[in-house]
Protein chains: 2
Amino acid sequence: MMDERKKKVLQAIVLDYIATGEPVGSRTIARRYHLGVSPATIRNEMADLEELGLIEQPHTSAGRIPSDRGYRYYVDFIMKKEELKPYEKEYIQRRFNEKMREIEQVLEYATAVISEMTNYAAIAVGPFRSRVSFKKIELLPIERGQALLLVVTNTGLVDHRILSIPNTINEVDLRRISKVLTARLKGLALEELKRSVLDDIYHQFAAEKEVCRLALELLEQIFNLEGNEEVYLDGTLNILQQPEFKKDVEKVRKILAFLEREDAIRRLLVENPNIGLTVKIGQENAAYNIRECSVISINYQLGGETIGSMGIIGPTRMNYARVIPILEFVANTLSAALTKIYGRE
Amino acid sequence: MMDERKKKVLQAIVLDYIATGEPVGSRTIARRYHLGVSPATIRNEMADLEELGLIEQPHTSAGRIPSDRGYRYYVDFIMKKEELKPYEKEYIQRRFNEKMREIEQVLEYATAVISEMTNYAAIAVGPFRSRVSFKKIELLPIERGQALLLVVTNTGLVDHRILSIPNTINEVDLRRISKVLTARLKGLALEELKRSVLDDIYHQFAAEKEVCRLALELLEQIFNLEGNEEVYLDGTLNILQQPEFKKDVEKVRKILAFLEREDAIRRLLVENPNIGLTVKIGQENAAYNIRECSVISINYQLGGETIGSMGIIGPTRMNYARVIPILEFVANTLSAALTKIYGRE
DNA sequence: GTTAGCACTCTGTGTTTAAGAGTGCTAAAC
DNA sequence: GTTTAGCACTCTTAAACACAGAGTGCTAAC
């Protein structure tokens, strides 16, 4: 059904359309890609490919463009990944060698590198709650009636909230509470912070019940939320450069509005199964607003365990063969960098 | 030179153009705004207004549109501010009544309210370094060789960095250093954190010089930067709704790219003189990329002292009479809310 | 000073035309 | 049976053109 020549023709159409953004005709293929057959033959093949739903015609007298299914077939069965140039690999690695202490920064760098090298929008979602554990919890007095709740995780993430406390509580009390909280929660994964655990800790306190309750409540607020993973974003304006969107501001608006919604991006990336790389093409995306986009995502690891996900969003007419190796390489480099900084625990 | 009738005509042109986005002709004015004179008379007035540089013609047979100077004249001498509706005032106030502890959140709310009510992009810049002082500095042990530097300011802002420390330093040492740092820096404005002060503190330490040096270095890094003020942004995509930009994606890109640059926004708002409200129309803006936009900004206060600035960016064809009262009211409400939370110090 | 009238200008729109690109089909060649 | 040349046909795009509509500026009359 899909013989070698059909694949060649489909490949030619995909490559040419990715390069030019213009529908591709049989003559163009015959001229530019040396398949050794005449335009007429290519036309016959194209008719077949259209029948198979792999390419389509914007209108009768135009060339063909790949359909979502066409891109899918290309990605799955035809595409040859473009090996990165040595200097490109070096460049990426250098960007991760700069001294970084906090995971936030690492992920910011990652999205920046990706969007820079691909010219698409880069997204990433921070360490999954299942893979991040508490390292230290501290209550610090700020002034009368106010304390700062501080949480440090094993990934270097620091979060804090201010809370009101009774005037009767002093610094020593707070320190004691901190000690207990840290002792009880250290090593616990964020997602394990369930009501039951909190209640358990709460009951353990004899005095200072009130402060403890407030602190636990805040902790729950911060970490027990579905999707509290941090979202990172870079190069969103690259969308505006894409010729398919130059003409239609409304489409651009939809996509940019989508990218502004952190929960949407989180869902996009968290859905990612545990296998390495995922390519979602056009309609394959659940989200309606990006059904003219492709999303490629990949997980990254800390000490061998998947702790997050990153990817890019661009038009379906995307340079898959180039983007995928970049993503893979960045994910590897990122994983290595993370493991180097935070080690295996 | 600018008699009453000329003002009326200019006003009609500005109002109509703001409302419709279409060039305004003499007939339209005569029909819609009852000035009691014929189109011909209005034409004569328009010729004068054009001579004065207050309006211009996109092309010979089109109506007139206000020039930047025309808007300027309108804003300065003609415009009547639209009083806010009671329910609008209530709405704004309610949004600031929700419980807020940190200044970041207050400013996020402010930009959200403004962009929501005006449909332009809202910007704000966080408390000026001259008005924010240190409240507490704390060094916390995280694990062997790592400590967390934590800074709390009088505006509730909390910042933190992780730093490497010699293994020999223990928790007690850190606490002692924290005490000294807090004692020495408390009440000091961020912008007063000069080399000399840091050196002075440094010399005071007998032992633990290394840790202290690192901590001071970090402090300097965080706070001594020109423009470390936080920048807030909301409703940037409203730009895409403006008809004058619907056609030209390139213009939109320039503006959105401008808005992505925090330093640019900071400069825009920090330039703001100490008087209340500033209106910069089109070319009056120093930044080239927003020379087709107007920027309106206003300061907000904490306990009577200006501590920051906020505003909106939109097309020069902006509803000044509505936007300005909204900004004024939000700034007042915000100032009140801040003063209520952080009080006068 | 104001206004009616009018010639003039320019844009925007719709229509027509022509060129160009591309197709599908048929019939001949391989 | 597959490939290809040839050709008629379709559709888009761009250019050319006409024309209605909006608006102006000027002049002369009120």
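Note on naming: letters A, B, ... go to the chains in the order of the sequence lines (proteins, then strands), and numbering restarts at 1 for each one.
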- request: Output all residues satisfying side-chain hydrogen bond (donor to acceptor under 3.5 Å, both in side chains) with A:T20, sequence neighbours left out; order by chain, then residue number.
  value: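 Residues passing side-chain hydrogen bond (donor to acceptor under 3.5 Å, both in side chains) with A:T20: none at all.
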Validation: residues 73-81 of chain A side-chain donor-acceptor distances under 3.5 Å, sequence neighbours left out:
residue: A:D76; atom: OD1; partner: A:R72; partner atom: NH1; Å: 3.2
residue: A:K81; atom: NZ; partner: A:E328; partner atom: OE1; Å: 3.2
residue: A:K81; atom: NZ; partner: A:E328; partner atom: OE2; Å: 3.1

Interatomic spacing from [atom1] in [X] to [atom2] in [Y] - rounded to 0.5 Å:
{"X": "B:M310", "Y": "B:L269", "atom1": "CE", "atom2": "CG", "answer": "9.5 Å"}
{"X": "A:L233", "Y": "A:E262", "atom1": "CG", "atom2": "CD", "answer": "8.5 Å"}
{"X": "B:I239", "Y": "A:L256", "atom1": "CD1", "atom2": "CG", "answer": "12.0 Å"}

- request: Tell me which of A:A62 and B:G36 sits closer to the 5' end of DNA chain C, going by the nucleotide each one is nearest to.
  value: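 The residue whose closest nucleotide sits nearer the 5' end is B:G36.
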- request: Find which nucleotide of DNA chain C each of A:G63 and B:V37 is nearest to by heavy atoms, and output the residue with the more 5' nucleotide.
  value: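 Of the two residues, B:V37 wins.
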task: Would you please confirm or rule out a distance under 4.0 Å between OP1 or OP2 of D:dC11 and any side-chain N or O of A:T60?
output: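 It does, given that an N or O in the side chain of A:T60 lies less than 4.0 Å from OP1 or OP2 of D:dC11.
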field: side-chain contact (heavy atoms from CB on, under 4.5 Å) partners for A:K85, two or more places apart
entry: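 For A:K85 the side-chain contact (heavy atoms from CB on, under 4.5 Å) partners, ignoring immediate neighbours, are A:Y87, A:E88.
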Outermost nucleotides of DNA chain C that come under 4.0 Å of a non-hydrogen atom of chain B: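 In short, chain B contacts DNA chain C from C:dT2 to C:dT11.
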- request: Mark yes or no for whether A:N289, through its side chain, and A:A257, through its backbone, hold a donor-acceptor pair below 3.5 Å.
  value: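 Not a single qualifying donor-acceptor pair exists.
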- request: Nearest whole angstrom, please: distance from the P of D:dT2 to the NZ of A:K6.
  value: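 Between P of D:dT2 and NZ of A:K6: 10 Å.
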Any residue of residues 40-54 of chain A with a heavy atom less than 4.0 Å from an atom of DNA chain C: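 Going residue by residue through residues 40-54 of chain A, the ones with a heavy atom under 4.0 Å of DNA chain C turn out to be A:R43, A:M46.
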- request: Would you jot down, in residue-number order, the residues of residues 17-29 of chain B having a non-hydrogen atom under 4.0 Å from DNA chain C?
  value: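 Contacts with DNA chain C under 4.0 Å: none.
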Using 4.0 Å as the upper bound for N to carboxylate O, is an ion pair formed by [Y] and [X]?
{"X": "B:R64", "Y": "B:E56", "value": "no"}
{"X": "A:D3", "Y": "A:R5", "value": "no"}
{"X": "A:R317", "Y": "A:E22", "value": "no"}

